[in-house]
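What follows is a set of notes on a single structure, which appears directly below.
No experiment lies behind these values; they were computed from the predicted model shown.
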Amino acid sequence: MADRIERLFQAVRKPNREPYSNEEVARACREATGESFSSVYLWQLRTGKRTNPTKRHLEALADFFQVPATYFFEDESGTQIGDELKLVGALRDAGVRNVALRAATLSPQGLTTIADLIEAIARREAEQGAAPRGVHPPVGDEPSEPAVAADPDRPREDEGRQPGPRRRR
């Protein structure tokens, strides 16, 4: 349970890409349910110190993070949504997003070639003990933002409904 809750916090971010705090999420859950829901309780759920949350609390968390409540209850649903959350987290990285956007126009054969190249590079880096993902290069060596022209008719990634409190009716 703690892993699933933590995955939500890692993948679903504010519009400015900063993570939500326990207090922000707990406050939204309190407002949505009208029930007691403290930031300490949420921290305990995230760290596994508390392992038996109420169904109402899990539904409030699911509502806040915009995932179905089955994410917490069903293994198959939880696994599928967990995989989608990993993808969302990876796409926050400008370099990964740039590769994905460019690959979207390739043929199936081109995609296979790119996948093979990525596998070969990953093996070589693992053998050489290259820095793992998330370790940033020194200042001045960062990759620039992708040079992809924006489509004015396509909604931006940050448009539309953002995670956060929804009032129950």
Side-chain angles (χ1 to χ4, degrees), residues 1-25 39 42-53 58 61-62 64-151 154-164:
M1 183 65 63
D3 289 340
R4 289 185 184 202
I5 294 171
E6 187 60 28
R7 246 184 270 146
L8 291 172
F9 273 87
Q10 296 304 316
V12 180
R13 301 292 179 109
K14 298 178 194 178
N16 66 2
R17 295 190 177 149
E18 289 187 17
Y20 285 97
S21 70
N22 290 338
E23 180 55 41
E24 290 169 314
V25 176
S39 60
L42 183 53
W43 172 82
Q44 291 171 334
L45 291 175
R46 285 179 74 179
T47 59
K49 305 265 188 243
R50 297 278 297 264
T51 59
N52 195 18
L58 291 178
L61 285 171
F64 179 88
F65 287 110
Q66 299 178 30
V67 297
T70 56
Y71 169 74
F72 297 110
F73 304 113
E74 295 177 8
D75 285 340
E76 185 176 322
S77 176
T79 300
Q80 179 183 355
I81 293 168
D83 291 344
E84 291 172 6
L85 290 172
K86 287 179 190 175
L87 176 61
V88 168
L91 288 174
R92 280 198 316 259
D93 181 296
V96 172
R97 192 171 52 249
N98 188 20
V99 169
L101 288 170
R102 290 170 186 249
T105 62
L106 296 177
S107 67
Q109 296 84 5
L111 289 173
T112 300
T113 301
I114 293 298
D116 291 344
L117 285 169
I118 290 171
E119 281 298 315
I121 292 168
R123 276 193 307 273
R124 186 181 73 214
E125 287 185 349
E127 290 168 2
Q128 295 173 348
R133 295 281 311 146
V135 176
H136 302 287
V139 175
D141 293 343
E142 295 94 348
S144 61
E145 281 293 314
V148 177
D151 180 352
R154 184 175 175 195
R156 292 188 348 234
E157 290 176 341
D158 59 349
E159 287 181 350
R161 177 146 151 52
Q162 296 295 322

### Query
If you look at every heavy atom in P19 and F9, which pair is closest and at what distance?
CB-O, 4.4 Å
### Query
If you round to the nearest 0.5 Å, how far is OH of Y20 from CG of L42?
13.5 Å
### Query
Once you round to the nearest 0.5 Å, how far does CD of Q44 lie from CG of N22?
10.5 Å
### Task
Output all residues satisfying side chain to side chain contact (heavy atoms under 4.5 Å, CB included) with A103, sequence neighbours left out; order by chain, then residue number.
L106, L111
### Task
Can you measure from CD (Q128) to CD1 (I121) and round to the nearest 0.5 angstrom?
11.0 Å
### Listed once per pair and sorted, the side chain to side chain donor-acceptor pair (under 3.5 Å) pairs that draw on residues 109-124, sequence neighbours left out
S107-Q109
### Task
Find the distance between CG (L8) and CZ (R46) and round it off to the nearest 0.5 Å.
9.5 Å
#### Entry: Closest non-hydrogen atom pair between K14 and E24, with its separation
NZ-OE2, 2.9 Å
### Query
Is there a side-chain contact between F65 and V25, using heavy atoms and a 4.5 Å cut-off?
yes
#### Entry: Pairwise side-chain contact, T51 with M1, heavy-atom cut-off 4.5 Å (strictly under)
no
### Query
Which atom pair, heavy atoms only, marks the closest approach of Q10 to E6?
NE2-OE2, 2.7 Å
## Note on the structure
d(L58 CG, T70 OG1) to nearest 0.5 Å is 11.5 Å
### Task
Report yes if the side chains of Y71 and L61 come closer than 4.5 Å at any heavy-atom pair, otherwise no.
no
